[in-house]
Amino acid sequence: MTGRDGSTWQPTAYRTHTLGEIAGNGADLVDTDVTVAGYAEAVRGRGAICFLMLRDGTGHLQAFLKKDSMDEDTFTEIQSANRESIIQVTGTVAQKRPSKVKEGEPTPPPEYEIQVSGATILAMAEAPMPMGVTDKVHVKLPTRLDNRHIDLRRSHINAMFQIRSKVLQYGREHLITEGFNEMNSPKIIASASEGGTNLFPIKYFETDAYLSQSPQLYKQLAILGGLERVFEVGPAFRAEEHDTYRHLNEFISFDIEMAFANDDDVMAVQERMIQHIWKSVAENDQNLIDMINEWRAEQEPPLSPVTVEVPTLPFPRVEYSEAIEIIQNAGVNIEWGADIEAQHADMIAAKYPGFYFLPRWPMAMKPFYIYHNADEKGPNGGQLSRGFDLNYGRDEMTSGGQREHRVDVLIQNLENMGLDPADFTFYTDGFRFGAPPHAGWGLGVARLLMVLTGAGNVREVVLFPRDRSRVTP
RNA sequence: GCCCUGAUAGUGUAGUGGUCUAUCAUGAAGCGUUGUCGAUGCUUCGACGCGGAUUCGAAUUCCGCUCGGGGCGCCA
């Protein structure tokens, strides 16, 4: 199978049935005349018979060709077709002859095939392929990304992207049930909407503009406008020259913003959403996970299977100050106020496997727009913020927090951080006419998918990744 | 920005100065056998990134170039 059942797919000009439909429902279709089309995964048989293994988006099916029961030229043409050619066949559904079974072993369930009366090559594939689809040779990631349209024909890769679609669907589903509206913010912006990272400059007619690095400000403006609860799934662009398994220069961020809510409230939204995603995948998409695990088992050495363990709520809350203690107790010389690096996160993950929140970061480490209560201090008297991260193991999935809605505090924060409030009027002006308390977060979709699919690199779960050295395909 | 590392058939690899006329797998071409099924047997095809240096001799050592891979920081 390739994951989709195709049972709701209507016939098209090129096929009456999908392959998955016939493979899965063959008993009811025996003796039916059908037309199907797909990729020639294997063409076997050099003599008077020929086995054509076809693959489409719903599954695999064998087509059986006999020289004396069809046009001879057509037979020869199909028999000599290159692998991965697109072939349409017409014929009759029949039960496949059972394969030889050793004595004592159970008889496998009946399988079905098409006995071919006519066939057409819709598009011949060239040979050799830049990389094999079914070959058991390892192919390196760069080669695969250069030939992503072929890589995607491999069932476990195809499964990963079907899962990706499901994850986005389930995430949306959940937020909508909690009253969130989907929004879209501009990706062409005039200035930084969030401090920190470098932006990609672009030319916007006669003015300079940038690619958006975050929907942050626009989500907030939507909240100020009374949309109450919004989410956005969209690209973010960051001109950072990083080169790691978890960074890309263009990535899809799953963002929410919520009015009359604090950091604790939006953490709760997030863990409910993640639980819903995991639960839904476990209930509906185990077949896709199985396809990934089939591939993992074939590797040398075999990779352990990925499992979808629905996380229990609430996720652990490891406050920043506690996290620092954990790291110190692991023997690392780290001060309160220092950043928690990936290697440090390993130490926290040892105590809290799976998802865990890291709330209450020092205000000095968070952007000016993060909210703080003046009376919340760390052990050394350092000001705490209402900013948080969500980690899975060593990897940061989310960054979020309650936002500062008090315009006077906002301006004070800028001054405290040595920034000139005059440079941030594009931000602060929005807050001058009444701003409800609000909070939100941004979640890296690919990072979440890494966890779910067992991928070791975000590039695996992004169709056409953009990194420091890759802009094509 | 810092650090590490690499370039051998379409793909993935072996190879650390001399039977390398380059290994194995996969692939491709051809001929058989076969209601096959990770099909299979035989034959054939296909590669040392570019330039220079050392040497009797370089895939192998050195230098330059080009292109690539990975990690850190930062972040999602």
>> If the cut-off is 4.0 Å, is A:N82 near the phosphate of B:A29, judged by side-chain N/O to OP1 or OP2?
In response: yes
>> Could you tell me the Watson-Crick or G-U partner of B:G73, where both distances fall under 3.5 Å? Say none if there is no partner.
In response: none
>> Just checking A:Y392 against A:F355, ring centres under 6.0 Å apart?
In response: yes
> Between B:A22 and B:U8, how far is it from one C1' atom to the other, in whole Å?
Replying inline: 9 Å
>> Checking base pairs now: Watson-Crick or wobble, both atom distances under 3.5 Å. What partners B:G41?
In response: B:C31
> Is the shortest distance from a Lys or Arg side-chain nitrogen in A:D263 or A:R360 to a carboxylate oxygen in the other one below 4.0 Å?
Replying inline: yes
>> Using whole Å, what does the distance between atom C1' of nucleotide B:G73 and atom CD1 of A:I340 come to?
In response: 16 Å
> Going by atom types only, do A:E271 and A:Q275 share a side-chain donor-acceptor pair under 3.5 Å?
Replying inline: no
>> A:E126: which residues meet the side-chain contact (heavy atoms from CB on, under 4.5 Å) condition with it, sequence neighbours left out?
In response: none
> Within the structure shown, what part of the strands sits under 4.0 Å from A:D389 by heavy-atom distance: base, sugar-phosphate, or nothing?
Replying inline: nothing
> Can you find an N or O donor on one side and an acceptor on the other, under 3.5 Å apart, linking the side chain of A:H247 with the base of B:C74?
Replying inline: yes
>> Rounded to whole Å, please give me the gap between CG in A:D339 and P in B:A76.
In response: 11 Å
> Using a cut-off of 4.0 Å on non-hydrogen atoms, how would the nucleic acid contact of A:A236 be classed: base, sugar-phosphate, or nothing?
Replying inline: nothing
> In residues 123-137 of chain A, which ones come under 4.0 Å of RNA chain B, going by heavy atoms?
Replying inline: A:A127, A:P128, A:M129, A:P130, A:D135, A:K136, A:V137
>> Categorize A:R394 for me: base, sugar-phosphate, or nothing, with a 4.0 angstrom heavy-atom threshold over every strand shown.
In response: sugar-phosphate
>> If I pick the P atom on B:U23 and the same atom on B:U43, what distance separates them, to the nearest angstrom?
In response: 15 Å
> When rounded to the nearest Å, what value does the distance between P atoms of B:A47 and B:U21 take?
Replying inline: 15 Å
> For A:H247 and A:E240, does a side-chain donor sit closer than 3.5 Å to a side-chain acceptor?
Replying inline: no
Name every donor-acceptor pair, under 3.5 Å, that has one atom in a side chain of residues 130-140 of chain A and the other anywhere in the protein, sequence neighbours excluded.
from: A:D135; atom 1: OD1; to: A:R83; atom 2: NH1; distance (Å): 3.1
from: A:D135; atom 1: OD1; to: A:R83; atom 2: NH2; distance (Å): 3.2
from: A:K136; atom 1: NZ; to: A:E298; atom 2: OE1; distance (Å): 3.4

> Looking for any heavy atom pair under 4.0 Å, which part of the strands does A:L248 touch: base, sugar-phosphate only, or nothing?
Replying inline: base
>> Below the 4.0 Å mark, does B:G73 have OP1 or OP2 next to a side-chain nitrogen or oxygen of A:R246?
In response: yes
> Looking at A:E257 and A:F180, what are the two nearest heavy atoms and their distance?
Replying inline: O-CE2, 3.7 Å
>> Between A:Y170 and A:W278, is the ring centroid distance below 6.0 Å?
In response: no
> NA contact type, A:H138, heavy-atom cut-off 4.0 Å: base, sugar-phosphate, or nothing?
Replying inline: sugar-phosphate
> Among the nucleotides B:A76, B:G27, B:G73, which one has an atom lying closest to any side-chain atom of A:T244?
Replying inline: B:G73
> How far, in whole Å, is B:A7 from B:G15 if one measures between their P atoms?
Replying inline: 12 Å
> Can you check whether A:R83 has a side-chain N or O nearer than 4.0 Å to OP1 or OP2 of B:A29?
Replying inline: no
>> Measure CG/A:L54 against P/B:C37 and give the value in whole Å, please.
In response: 19 Å
> Judged by modelled atom types alone, do A:E460 and A:T453 share a side-chain donor-acceptor pair under 3.5 Å?
Replying inline: no
> Looking only at heavy atoms, which two atoms of A:A37 and A:L122 are closest? And how far apart?
Replying inline: CB-CD1, 4.4 Å
>> For B:C75, does the base pair up with any side-chain atom of A:R447 as donor and acceptor (N or O, under 3.5 Å, distance only)?
In response: yes
>> Tell me whether the side-chain N/O atoms of A:S469 come closer than 4.0 Å to OP1 or OP2 in B:C67.
In response: no
>> Using atom P in both nucleotides, what's the gap between B:C45 and B:U66 to the nearest angstrom?
In response: 38 Å
> Between B:C2, B:C75, B:G73, which nucleotide gets closest to the side-chain atoms of A:R238?
Replying inline: B:C75
> For A:K140, which contact category applies under a 4.0 Å heavy-atom criterion: base, sugar-phosphate, or nothing?
Replying inline: sugar-phosphate
> If you take atom types as modelled and just measure distance, does the side chain of A:E341 reach the base of B:G73 with a donor-acceptor pair under 3.5 Å?
Replying inline: no
> Considering only B:U13, B:A76, B:C37, which nucleotide approaches the side chain of A:R44 most closely?
Replying inline: B:C37
> Base, sugar-phosphate alone, or nothing: which one does A:F64 contact when heavy atoms must sit under 4.0 Å apart?
Replying inline: base
>> Measure CD/A:Q79 against C1'/B:A29 and give the value in whole Å, please.
In response: 15 Å
>> By the 4.0 Å heavy-atom rule, please label A:E241 as base, sugar-phosphate, or nothing.
In response: base
>> Nearest whole Å is fine: how far is B:G35 C1' from A:Q95 CD?
In response: 13 Å
>> How many whole angstroms separate atom CG of A:D146 from atom P of B:G68?
In response: 10 Å
>> Counting only Watson-Crick pairs (N1-N3 plus N6-O4 or O6-N4) and G-U wobbles (N1-O2, O6-N3), all under 3.5 Å, who is the partner of B:C62?
In response: B:G52
> OP1 or OP2 of B:A76 less than 4.0 angstrom from a side-chain nitrogen or oxygen of A:S399, does that happen here?
Replying inline: yes
>> Would you measure the distance from the C1' atom in B:C74 across to the matching atom in B:C3 and give it in whole Å?
In response: 16 Å
> B:G35 base stacked by A:F51? Criteria: ring centres under 5.5 Å, plane angle under 30°.
Replying inline: no
> Once you round it to whole Å, what is the distance between C1' of B:G70 and NE2 of A:H242?
Replying inline: 15 Å
> Atom CD of A:Q213 and atom P of B:C74: how far apart are they, to the nearest Å?
Replying inline: 17 Å
